[in-house]
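For reference, the structure is listed below as structure tokens.
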Protein chains: 2
Amino acid sequence: MRVTDQSISEPDLPCDAERFNQARAAQSVAVLEDYAEMIDDLIAEMGEARITDIASRMGVTNPTATKAVARMKREGLAVSRPYRGVFLTPEGVTLAARVRARHQVVLELLIALGVPAETARLDAEGMEHHVSDVTLKAFEAFLAAR
Amino acid sequence: MRVTDQSISEPDLPCDAERFNQARAAQSVAVLEDYAEMIDDLIAEMGEARITDIASRMGVTNPTATKAVARMKREGLAVSRPYRGVFLTPEGVTLAARVRARHQVVLELLIALGVPAETARLDAEGMEHHVSDVTLKAFEAFLAAR
DNA sequence: CGCAGAGTTTAGCCTTGGCTACATTAGTGT
DNA sequence: ACACTAATGTAGCCAAGGCTAAACTCTGCG
Ligand SMILES: [Mn+2]
Ligand SMILES: [Mn+2]
Ligand SMILES: [Mn+2]
Ligand SMILES: [Mn+2]
């Protein structure tokens with residue numbers, strides 16, 4: 001073949017690409033979302049969020065957690081001073097709250113659909129980041145009307 | 001505080017970390033899955049999968065698609081000779097089939113839950129990769145029993 | 001037959017998010 | 001006071017997945 005039939009493949013270009021672009025965009029903030037939620041959890045549970053605790057709970061090494069926190073600081077979601085704990089900015093707190101609520105809804109939905117609790121717990125962690133506001137509303141409506 | 005209470009934080013370490021590790025593992029194969037499905041689509045639709053078409057549909061530039069295909073070849077999912085189209089190995093075909101079926105179920109589930117079709121189309125692209133076999137079965141059961 | 005242009009590859013850059021190894025700080029207890 | 005140790009930070013490596021720019025190959029057409 002190798003024909004230059006750009007006219008045939010043009011209509012679907014923006015179509016498919018848009019989908020993948022949204023998925024990539026969601027993925028690029030997934031780490032920020034998980035760390036925000038985790039830092040908020042640790043502060044609530046332990047009174048402070050130490051790098052070591054963040055790292056062990058996220059399942060990564062300390063330098064990896066340090067880098068992630070550096071990115072969060074850069075993006076205005078967290079603050080910290082050397083050898084002190086990590087804290088969330090108001091924006092970070094807002095993000096953490098939104099992310100926690102969404103995570104909970106996704107988890108509950110999976111369980112409502114008959115997914116075993118442990119499997120739901122594992123799958124929700126990755127799925128949550130790709131659930132848009134519109135989809136979240138649909139999940140909530142389903143759970144409420146059940 | 002700063003007490004050395006490792007005994008308190010030990011029990012939850014494997015717990016939380018396991019969740020994030022699974023999400024990271026799923027993410028690390030997401031690109032392979034999407035490309036496998038896309039190459040299979042293109043071969044079905046156009047008789048061959050050219051780099052340019054793969055790239056435009058994935059919403060990336062040609063070099064990015066070339067690199068992704070290189071990884072697929074390295075992992076035994078695709079084959080190609082310079083300046084020729086890309087083909088899937090039997091393993092690649094198997095992956096594509098599994099991924100397409102899962103994608104379809106996730107899409108149908110979202111629509112069944114009342115998510116608008118266009119939103120469902122966008123969200124499913126990212127969510128699919130985090131849906132385990134067990135969860136997929138639950139989705140299928142829900143759709144069948146509806 | 002040869003060439004122009006479409007398609008492909010290559011080179012090289014960047015960011016992110018993993019890691020190990022090592023240096024530095026700070027808190028605790030003697 | 002001070003040493004020990006845990007925590008933190010830093011340096012530097014790697015792979016993946018984006019990109020641009022530029023070189024290369026193929027092919028259909030004149
Ligand atoms: Mn998550
Ligand atoms: Mn989460
Ligand atoms: Mn996908
Ligand atoms: Mn897909």
Side-chain angles (χ1 to χ4, degrees), chain A residues 1-10 17 20-35 38 42 46 48-75 77-78 80-87 126 129, chain B residues 1-10 17 20-35 38 42 46 48-75 77-78 80-87 126 129:
Chain A
M1 276 286 181
R2 190 81 44 138
V3 224
T4 317
D5 50 1
Q6 229 171 323
S7 54
I8 294 176
S9 47
E10 251 174 12
F20 294 106
N21 281 327
Q22 168 163 320
R24 280 189 288 267
Q27 199 54 42
S28 82
V29 295
V31 169
L32 298 176
E33 292 178 340
D34 283 332
Y35 274 82
M38 180 60 74
L42 285 168
M46 325 237 267
E48 71 175 337
R50 300 186 305 165
I51 285 288
T52 293
D53 293 330
I54 295 171
S56 77
R57 288 218 192 172
M58 295 299 299
V60 298
T61 58
N62 280 17
T64 297
T66 300
K67 263 195 201 176
V69 168
R71 184 181 166 204
M72 294 197 71
K73 292 168 73 172
R74 211 183 329 132
E75 310 223 356
L77 295 170
S80 76
R81 291 186 348 257
Y83 295 94
R84 289 281 115 84
V86 180
F87 300 93
H129 308 283
Chain B
M1 276 286 185
R2 190 82 42 140
V3 224
T4 316
D5 50 0
Q6 229 172 322
S7 55
I8 294 175
S9 48
E10 251 174 12
F20 293 107
N21 281 328
Q22 168 164 321
R24 279 189 289 267
Q27 199 55 41
S28 83
V29 294
V31 169
L32 298 176
E33 293 178 342
D34 283 332
Y35 274 82
M38 180 61 74
L42 285 169
M46 326 237 267
E48 70 175 339
R50 300 186 306 166
I51 285 288
T52 293
D53 293 329
I54 296 171
S56 77
R57 289 218 192 172
M58 296 299 300
V60 298
T61 59
N62 280 15
T64 298
T66 299
K67 260 196 203 175
V69 167
R71 185 180 165 204
M72 294 197 71
K73 291 168 74 171
R74 210 185 328 133
E75 310 223 357
L77 296 169
S80 76
R81 291 185 349 256
Y83 296 95
R84 289 280 117 82
V86 179
F87 300 92
H129 308 283

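None of these values were measured; they are calculated from a predicted model.
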Could you tell me the separation between the OG1 atom of A:Thr64 and the CD1 atom of A:Ile54, rounded to the nearest 0.5 Å? 12.5 Å
Measure from the side chain of A:Arg50, starting at C-beta and using heavy atoms only, and say which of D:dA16, D:dA7, C:dT8 lies closest. D:dA7
From C:dC19, D:dG9, D:dC26, pick the nucleotide closest to the side chain of A:Thr66? D:dG9
Is there side-chain contact between A:Asp34 and A:His129, with heavy atoms separated by less than 4.5 Å? yes
Of the nucleotides D:dT8, C:dG18, D:dG17, which one has an atom closest to the side chain of A:Ile51? D:dT8
Between D:dG18 atom C1' and A:Gln27 atom CD, what is the distance in whole Å? 14 Å
Looking only at side-chain N and O atoms, does B:Thr52 come under 4.0 Å of OP1 or OP2 in C:dT8? yes
Is B:Arg84 near enough to D:dT27 that one of its side-chain N or O atoms lies under 4.0 angstrom from OP1 or OP2? yes
Rounded to whole Å, please give me the gap between CE in A:Met46 and P in D:dA7. 11 Å
Expressed as a whole number of angstroms, how long is the span from A:Ile54:CD1 to C:dG17:P? 15 Å
Report which part of the nucleic acid A:Thr64 touches: base, sugar-phosphate, or nothing (heavy-atom distance under 4.0 Å, all strands). base
Can you tell me how far C1' of D:dC14 sits from CZ of B:Arg74, to the nearest Å? 12 Å
If you measure from CD on B:Gln22 to CD on B:Gln27, what distance do you get to the nearest 0.5 Å? 12.5 Å
Does the side chain of A:Val60 reach to within under 4.5 Å of the side chain of B:Arg24, using non-hydrogen atoms? yes
Nearest whole Å is fine: how far is D:dA21 P from B:Lys67 NZ? 16 Å
Return the value, rounded to whole Å, for the distance between atom CG of A:Asp53 and atom P of D:dA6. 15 Å
Need one value for B:Pro82: base, sugar-phosphate or nothing, where a base atom within 4.0 Å counts as base even if backbone is also close, heavy atoms only. sugar-phosphate
It should be established whether A:Arg24 places a side-chain nitrogen or oxygen under 4.0 Å from OP1 or OP2 of nucleotide D:dA16. no
Candidates C:dG17, D:dA16, D:dA7 - which lies nearest the side chain of A:Tyr83: D:dA7
With nearest nucleotides of DNA chain C determined for A:Val31 and A:Pro63 from heavy-atom distances, which residue corresponds to the more 5′ nucleotide? A:Val31
Pairwise 5' ranking along DNA chain D for A:Arg81 and B:Val29, keeping only the more 5' one: A:Arg81
I want to confirm an ordering. Mapping B:Asn62 and B:Glu75 to their closest nucleotides on DNA chain D, which one lands closer to the 5' end? B:Glu75
From C:dT16, C:dC19, D:dG17, pick the nucleotide closest to the side chain of A:Arg71? C:dT16
Taking all heavy atoms of A:Ala65 and all of A:Tyr35, pick out the closest pair and write down the distance. CA-OH, 3.8 Å
Does a nitrogen or oxygen in the side chain of A:Thr61 sit under 4.0 Å from OP1 or OP2 of C:dC19? yes
